[in-house]
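Have a look at the structure below before the remarks.
Start at 1 and go down the list; that is how both ligands and their atoms are numbered.
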Amino acid sequence: MTRFCILTTLILLYSACKRTPENINRTGIIPQPVSLEFGEGAFVIDEDTKILYPDAFAPVADFLSEYIGGRVNTEMQRTEDEDTYTIIFRQDESLENEEAYALKVTPKNIEISASSPRGAFYAVQSLRQLMPVPSGDMVTGEDEMGIPVVEVFDEPRFGYRGQMLDVGRHFFPVEFIKKYIDLMAMFKINTFHWHLTEDQGWRIEIKKYPELTKVGAYRDSTVIGHYRDEPRRWDTTRYGGFYTQEEVKEIVKYAQDRFITVIPEIEMPGHAEAALASYPELGCTGGPYQVQGIWGIHKNIYCTKEETFTFLEGVLDEVTELFPGEYIHIGGDEAPKDNWEQCEVCQALIRSEGLTDEHELQSYFIHRIEKYLNSKGKQIIGWDEILEGGLAPNATVMSWRGTEGAIEAARQHHDVIMTPTSHCYLDYYQYESDKEDKDILAIGGYLPLSKVYSFEPIPEELTPEEGNYVLGPQANVWTEYMKTPEKVEYMVYPRAIAMAEVGWTSKANKDYDNFLYRLEPVIKNLEAMGVNHGYKPEEVRKEE
Ligand code: ACM
Ligand code: ZN
């Protein structure tokens, strides 16, 4: 043996015995993977660790390097060799689901296989949860970090895993939207449904119709307390805001970088009073209209006159340019027909189109918009009211008033997204005790963590063939009673994490007790990220 070989052997021996740090997190991953098996020992990330990846995975590898750089004092170098102490990404076309990944951690390497960057990104999200829980500040600046030996294979149950945010009732800054997206990505949510227009505010810049944000983005006052309180009280504060098209692009890109598609929602024909306040000629009565300061259902909706379609097509022209995804959500919920019943133009249209009533008129409205969007290569999603009066030919139904809409739509061979109030409305109270606390006002209802977790997205009434039309579940976050980012986080976490597991994990692999066990380090991670979560373990245990 040459001296060089002896030296190498000694180095290898020393390296193979790299000390395992004490702080190893073997709790698990949320959402629960298809399979996960821990072994003995750990891979140690320190200044020797290198990273190897095909060019296609560069953004994901960079994401991981940057994350690790924030935890450990190292700048990982890219390498071309599959040496020891290397994190190795491999593109493996045999993994058919592009969200699937395999993750293998040994004391020598971390190997990540996926057919696409998307799957590799999810492996990285899992890897993050296998790291030690950050202490205090996210930037721990340790010299090393241990990852437990483990073998994971994973792929999602549903291809659509959504989370909605209403920015109409309250407006949230770009930085918060990014944080919201970051948290979605952490739990492998792949769709951000961005509810952008409401009676109480129009939140997206449309260059062709500047009044929408000059007028429609601001209200003069807002109801104080619950809107059903008697007597009603009002503040006198002008409130509002909107996203410029540049900001929208920035957010879409930010989401894209995290493999999240943004679905914008432009509400029609109802929840449109902010638009009518901006352009009163689009209503049946001519106004006056106001950007509303009170929640609930408002009867001033778009008139079915030609100007409305010209306007909406102009709006959608800009919206489709901004959002590259397949879907545009056109609302369709809660549109009272009072004004249409009294309106000459609307009644004349009912007669000339041979429609039987105002429900069919709404169906005519949605059909026309669908046709327009289909011609631009987009598909529509609507709340389940779009079933009334006849479903537009290619529409996807978002079932919120229970699951009846989903059942009906799936039986008509339409895709459905499951968001029933019973399990998916994160604006409902999460604890009985919160109902007694006037500082934690919510819209009402009661949706504890365990109930979110118990949600089964495929209604039992459907045949297996019909069940295939269920794209997946979504958590909805309506913000009438969430004025601040902190309140949103309080209401959303940890319930959105339970919904993430509903959307990702197979039925057989779901286990609520085990979920709560895995939740503990995740909560500490959220705390290190400055998330004002609402997790109260003693309350959660009580509700079972
Ligand atoms: C809804 O909650 N109005 C869709
Ligand atoms: Zn009308």
Worksheet entry | Test item: side-chain donor near acceptor, Asp427 and Asn476, under 3.5 Å | no
Fill in: Ring centroid separation His329 to His193 under 6.0 Å
yes
Worksheet entry | Qualifying residues under ring-ring contact (aromatic ring centres under 6.0 Å, His included), relative to Tyr453, sequence neighbours excluded | Tyr512, Phe515
Worksheet item: Checking side chain to side chain contact (heavy atoms under 4.5 Å, CB included) against Val167, which of Phe242, Phe176, Trp194 comes through?
Response: Trp194
Does ligand 1 have any N/O pairs with the protein under 3.5 Å, and how far apart?
from, atom 1, to, atom 2, distance (Å)
ligand 1, 2 (O), Tyr425, OH, 2.6
ligand 1, 3 (N), Asp333, OD2, 2.6
ligand 1, 3 (N), Glu334, OE1, 3.3

Fill in: Residue of the set Thr191, Ile260, Asn190 for which side chain to side chain contact (heavy atoms under 4.5 Å, CB included) holds with Met184
Ile260
Worksheet entry | Atoms of protein origin (N, O or S) under 2.8 Å from the Zn ion (ligand 2) | Cys284 SG, Cys303 SG, Cys343 SG, Cys346 SG
Discussion item. Would you say the ring centers of Trp202 and Tyr243 fall short of 6.0 Å from each other?
Written reply: no
Fill in: By ring-ring contact (aromatic ring centres under 6.0 Å, His included) - contacts of Phe309 (at least two apart)
Phe365
Practice prompt. Start with the C-alpha distance between Asp182 and Tyr254, add both sets of side-chain angles, then the distance that settles side chain to side chain donor-acceptor pair (under 3.5 Å), and finish with yes or no.
Written response: CA-CA 9 Å; Asp182 278 334; Tyr254 193 86; 2.8 Å; yes
Worksheet entry | Aromatic Tyr218 / basic Arg238 pairing, under 6.0 angstrom, 45° off normal | yes
